[in-house]
Amino acid sequence: METTNNITVLSSFIQAWTNEKNSPEIFPYETDLITEIRNHINTQQQIIDKNLEQIKEEETNNNDSQLMFLTNIMLMEVERLNYLLRSYLRMRLDKIEKYPVYILKNQQVRESLSKEEQQFLAGYFKLFEKHMKNSFLEKLPKPLQKIDDEEEGMVAKPDVNNYVACKINEDLGEVQFLEADTFNLTLKKDDSYIINYDHIKPFIQSNKVSLI
Amino acid sequence: MYNLQNNFNPQETEFLSGDEPIKIIPNFTLNQKLVFLNGEYGPFQPSIPIEVPLWLALTLRRQEKCQITIPVWLSVEFLQDILKEEKSRKKLSKLHPYFSEISAQLFEHAPNDINDFEKVRTLVEDIWNVRASKIREGIKDITNTTYCLSISDLTVMERELLKPYATSALKNIWLIFNSGKPIKRPNFPNQPETTTNTNTNTNTIEEEPLIEKEPETTKRTLRKFTTEDMETENN
């Protein structure tokens with residue numbers, strides 16, 4: 001039935017939103033989820049617009065109050081979804097603005113961005129470079145003029161050693177984490193930890209661990 | 001930079017709690033179904049209970065179009081049991097993850113639907129205070145060798161309030177702990193290969209107690225929030 005399918009759309013999107021908020025890295029763009037949500041919003045918005053037209057045209061107030069009531073509820077739901085979408089997109093844009101050179105240099109990370117985000121990145125980087133050059137880079141000696149020099153530390157990278165809160169979704173048994181000294185952790189279902197992001201990164205992609 | 005914060009503020013957790021299902025008894029008729037992204041609700045008939053998302057229940061209640069059936073975990077008996085449980089042991093009891101948010105919203109918009117409203121409110125406050133003091137006690141266990149924190153029984157609000165502190169504290173501990181070790185650097189010409197860290201404690205990892213009384217500087221332990229071991233020691 002459609003409803004069971006749609007329950008997972010919203011909860012998966014909220015999970016993607018939470019992951020994005022908690023992690024320092026950019027996750028792959030959720031094209032399918034977002035298309036479904038936008039489709040739903042569009043159909044609802046059309047109905048809302050039609051209702052509002054109808055309410056304006058009708059002189060009597062008898063059925064209007066029910067129609068208005070229904071339309072208001074639909075508007076509220078659409079507003080909630082819009083808020084989620086906007087927040088998700090803004091978070092990703094902020095991360096893009098923070099690490100433009102790093103993303104441009106990494107093909108893999110670039111593929112996590114949607115087409116529009118890649119365009120945004122290209123335009124933003126052009127402006128950024130131009131601004132840097134005009135402000136002071138031109139006046140520096142030639143060897144110091146690069147802004148994408150990884151060895152000299154000019155590239156800002158997301159710090160994968162931030163600590164994040166995460167929830168275990170499956171029984172993973174005893175996992176060994178490599179660090180200064182190795183430590184073992186028994187990861188059971190429904191446990192939550194605040195732990196180094198680097199350690200649980202491989203599990204997030206397979207959805208065995210989700211950030212909370 | 002607001003979007004780059006790693007935790008939800010209370011308004012956002014309240015927004016998230018809005019999707020939780022709750023039972024209402026409407027006093028209006030709506031023969032259509034409400035089609036939302038996560039399901040269809042309706043039709044609504046007066047005096048017939050129906051389950052809707054919390055945000056819808058509160059909207060309807062504000063317009064006095066329904067009566068909200070208070071969930072079981074917000075009744076006086078249940079809360080008194082929880083409070084007794086919380087006071088008697090160091091471990092945190094299991095609560096609804098959105099306990100604070102849902103109770104706050106229900107207090108604000110549907111006080112008349114709650115039996116013994118004042119009593120329930122004081123109980124909720126007491127439970128919050130007891131848990132908060134337990135959490136503060138648990139935080140004191142963080143030492144310079146803690147590498148992760150177990151937070152399984154916290155509600156969403158408590159977790160989000162704890163996160164900024166705990167994440168930055170643990171990060172700083174990690175930085176200090178790893179500061180003496182050679183960091184991997186890209187190979188500059190004419191420099192020796194970096195060596196990996198040689199730590200000699202490989203055999204102490206096996207039988208680590210969960211909570212340590214005097215942590216050694218090179219041994220790392222798992223810190224749990226609630227000290228069950230201390231409890232069993234006293235028994």
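The chains referred to below are lettered A, B, ... by the order of the sequence lines, with proteins before strands, and numbering in each begins at 1.
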side-chain contact (heavy atoms from CB on, under 4.5 Å) evaluation trace for I139(B) with L162(B): CA-CA 9 Å; I139(B) 290 178; L162(B) 174 70; 3.5 Å; yes
Per-residue contacts, residues 25-33 of chain B versus chain A, heavy atoms under 4.5 Å: F28(B), T29(B), L30(B), Q32(B)
Partner residues of K140(B) under the side chain to side chain donor-acceptor pair (under 3.5 Å) criterion, sequence neighbours left out: E137(B)
Contact origin within L93(A) toward chain B - heavy atom pairs under 4.5 Å: neither
Proximal component of T43(A), with respect to chain B [non-hydrogen, under 4.5 Å]: neither
Contact class of Q44(A) relative to chain B, heavy atoms under 4.5 angstrom: side chain
Best-contacting candidate, N72(A), I168(A), L211(A), L70(A), against chain B by heavy atom pairs under 4.5 angstrom: L70(A)
Geometric class of the W17(A)/F8(B) ring pair [parallel <30°, tilted 30-60°, perpendicular >60°]: tilted
Options V35(B), N7(B), L56(B), ranked by heavy-atom pairs under 4.5 Å with chain A, top entry: V35(B)
Side chain to side chain contact (heavy atoms under 4.5 Å, CB included), paired with V164(A), selected from I204(A), I194(A), I200(A), V209(A): I200(A)
Close aromatic pair by centroid cut-off 6.0 Å: W128(B) and F99(B): no
Structural part of I195(A) lying under 4.5 Å from a heavy atom of chain B: both
Residues in side chain to side chain donor-acceptor pair (under 3.5 Å) contact with R61(B), at least two apart in sequence or another chain: D113(B)
Lys/Arg cation over aromatic F69(A): K65(B), 6.0 Å, 45° cone: yes
Within residues 13-22 of chain B or reaching into it, pairs that qualify as salt bridge (Lys or Arg N to Asp or Glu O under 4.0 Å) - sequence neighbours excluded: R80(A)-D19(B)
L170(B) portion near chain A, given a 4.5 angstrom heavy-atom threshold: both
Evaluation steps, salt bridge (Lys or Arg N to Asp or Glu O under 4.0 Å), between E79(A) and R86(A): CA-CA 10 Å; E79(A) 270 308 307; R86(A) 268 183 260 133; 3.7 Å; yes
